[in-house]
Amino acid sequence: MSISIEDARNRIGDGVVYHAGGPAPEDGVITSVNDTYVFVRYRGDFGSKATHPAQLDWLAASR
């Protein structure tokens, strides 16, 4: 299940999980949203990365 831009915009500060088919999913926190991307600060990173919302799911403990 992926999230929508509008849902992400309403939940800035909540946790998400990035799924890109790599070796392991990555946890992060939504820091901002524009019309195309959700900006997520992933665990261990100092800045946020633009991520397509189709690659994100909600972190179970974020609500």
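- Considering every non-hydrogen atom in both Thr31 and Ser48, the closest pair reads OG1-OG, 2.7 Å.
- Distance alone, capped at 3.5 Å, places no donor-acceptor pair between the Ser2 side chain and the Leu56 backbone.
- A search for salt bridge (charged side-chain N to carboxylate O under 4.0 Å, His left out) contacts involving Asp45 returns Lys49, not counting sequence neighbours.
- Think of Phe46 as one node in a network of Ile, Leu, Val, Met, Phe, Trp and Tyr side chains linked at under 4.5 Å; it has no links at all.
- Residues passing the side chain to side chain donor-acceptor pair (under 3.5 Å) test with His19 are Asp57, sequence neighbours excluded.
- Residues passing the side chain to side chain donor-acceptor pair (under 3.5 Å) test with Ser32: none are found, sequence neighbours excluded.
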For this session: For the pair Leu59 and Val17, evaluate side chain to side chain contact (heavy atoms under 4.5 Å, CB included) and give the outcome as yes or no after the intermediate values.
Result: CA-CA 6 Å; Leu59 189 62; Val17 180; 3.4 Å; yes
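- Through direct or indirect side-chain contacts shorter than 4.5 Å among Ile, Leu, Val, Met, Phe, Trp and Tyr, Val29 is connected to no other residue.
- Considering only residues two or more places apart in sequence or on other chains, Ile5 meets the side chain to side chain contact (heavy atoms under 4.5 Å, CB included) condition with Arg9, Val33, Val38, Pro53.
- The side-chain hydrogen bond (donor to acceptor under 3.5 Å, both in side chains) pairs that include a residue from residues 34-44 are Asp27-Arg43, Tyr42-Thr51, where partners are two or more places apart or lie in different chains.
- Nearest heavy atom pair, residue Ala8 against residue Trp58, reads CA-CH2, 4.0 Å.
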